[in-house]
Amino acid sequence: MSFTRISEIGEFGLIDRLSALIKPTESSLSTLKKGIGDDCAVIALPNGKLQVISTDLLIEQIHFDLLTTPLEHLGAKAISVNVSDICAMNANPLYATISIGLSNNISVEMIEQIYKGAANVAKQYGIAIVGGDTSASITGLVISVAIVGEVDADKITYRSGAKQGDLICVTGDIGRSFAGLKVLMRERQTMLDTFAENPEMDKSTYKADLSDYQKVIEKHLLPKARVDAVKFFHETGIVPTSMIDISDGVGSELKHLCRNSQTGALIEESKLPILSETREVSDEFEDDATTYALFGGEDYELLFTISPNDFDTLSRFKDVHVIGKMLHPNDGIKLRDLFGSDIDLTKTSGFEHFTEEEFFEDDNDTHDHNGHSHNGHDPNGDDTDDEDDIWGERKN
Ligand code: ADP
Ligand code: MG
């Protein structure tokens, strides 16, 4: 048996290879509307509706750090990121299961905190948590949520379906979660330094002052799935022509929409919804807020396209921005920057697990707890690792 390193083919290459091994059977084909390749799998129900199914994994030291993540928030986030995939199909979430892998530094009370957070947010979404699985873990805390939802067949929204001329829209604001992560990682380092310098210190007395950064930190720790946008679509009858949720960053998600819809796209830097709080953080770290917005990820907003005919109706939803337009596939996928230059986004990357960098030894423990391999791709498209790149902790 040959040994191909996962990093050689990347996360998406791996999924492609696995999907070849789990091709749907003849008998499932009549009801399976979509298998691998969208935010959820889609199955036709006997009552004419469609069922949507998804699952997402959160792993300690990959997706979160217990030093900077309150457990209730972690439970809530595990549910919200799954609900977000249901929203991306324009569907309503119904039931979820929670599976946990527990290392021996986790107490019963800590697990209860996680479940309080999960239960709380599940109630807000109107979903029921109906089971799960429990196991020991030797590699830290693992939380895996599976979720199902439902949608009328005429409202289902896939990543494919966008047409040339459709408007590209995004809910809320983008880049804020990454700004929150930057602040939390800096705080984590300060905390570790303080403990190292004061070995006798009672760690529970450590107080961080993050009051200036509440808005960005809250977005990172407690993202909310955009069930309100889905409700608006259902009420007004707008069916987006394509949709995806933003887990890896608009730059990467837009490429998924374009590839699946066979379109090109042009988005405009001046139209990207970036909050002043996000810009303040990117300024502080001497980074570019646009890079946070395009490649930061974990905003869990919805990126979708609509027919221009739906624009007037859409504008009744206050928390949405039109950021560009779908084009002919030969036009490529571009960002028009503030100076009017078009930057090729196909040469830049969002976060993808298992790229080479993910496997580099890192003495400084600057691991990214986001599960993101910080490729440091420059939005200017030259794809070189220069010293100023914002994910610059990890150097080749
Ligand atoms: P999302 O970011 O929306 O959660 P992913 O990028 O994780 O989506 O996954 C893309 C697609 O690949 C989805 O359809 C998902 O079901 C599928 N997928 C991911 N990992 C696996 C796996 N290990 N086995 C089978 N399918 C997978
Ligand atoms: Mg998704």
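Each ligand, and each atom within it, is numbered from 1 in the order the structure gives.
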D39, N/O/S atom nearest the Mg ion (ligand 2) | OD1
Which N/O/S atom belongs to D245 and is the closest one to the Mg ion (ligand 2)?
-> OD1
What class does the angle between the rings of F317 and F232 fall in, given that below 30° is parallel, 30 to 60° is tilted and above 60° is perpendicular?
-> tilted
For residues H256 and F12, establish whether the separation of their ring centroids is below 6.0 Å.
-> yes
Do you know which of H321, K224, K219 makes side chain to side chain donor-acceptor pair (under 3.5 Å) with E301?
-> K219
Give one line per pair: atom of ligand 1, protein atom, distance. Only N/O to N/O under 3.5 Å.
from     : atom 1 : to   : atom 2 : distance (Å)
ligand 1 : 2 (O)  : S247 : OG     : 3.3
ligand 1 : 3 (O)  : D39  : OD1    : 2.9
ligand 1 : 3 (O)  : D85  : OD1    : 3.0
ligand 1 : 3 (O)  : R159 : NH2    : 3.4
ligand 1 : 4 (O)  : D85  : OD2    : 3.3
ligand 1 : 14 (O) : G37  : N      : 2.8
ligand 1 : 14 (O) : D38  : N      : 3.4
ligand 1 : 14 (O) : D38  : O      : 2.8

Give a yes or no answer on whether the side chain of D133 reaches the backbone of S99 with a donor-acceptor pair at less than 3.5 Å.
-> no
Y158 and N260: side-chain donor and acceptor closer than 3.5 Å?
-> no
Would you check if the distance from the ring center of F195 to the ring center of Y206 is below 6.0 Å?
-> yes
Is there a donor in the side chain of D193 and an acceptor in the side chain of Q189, or the other way round, less than 3.5 Å apart?
-> yes
How is the N/O/S atom of D85 that comes nearest to the Mg ion (ligand 2) named?
-> OD1
Answer yes when K231 and E235 have at least one side-chain N-carboxylate O distance shorter than 4.0 Å, and no when they do not.
-> yes
From the Mg ion (ligand 2) out to just under 2.8 Å, does an N/O/S atom of E253 turn up?
-> no
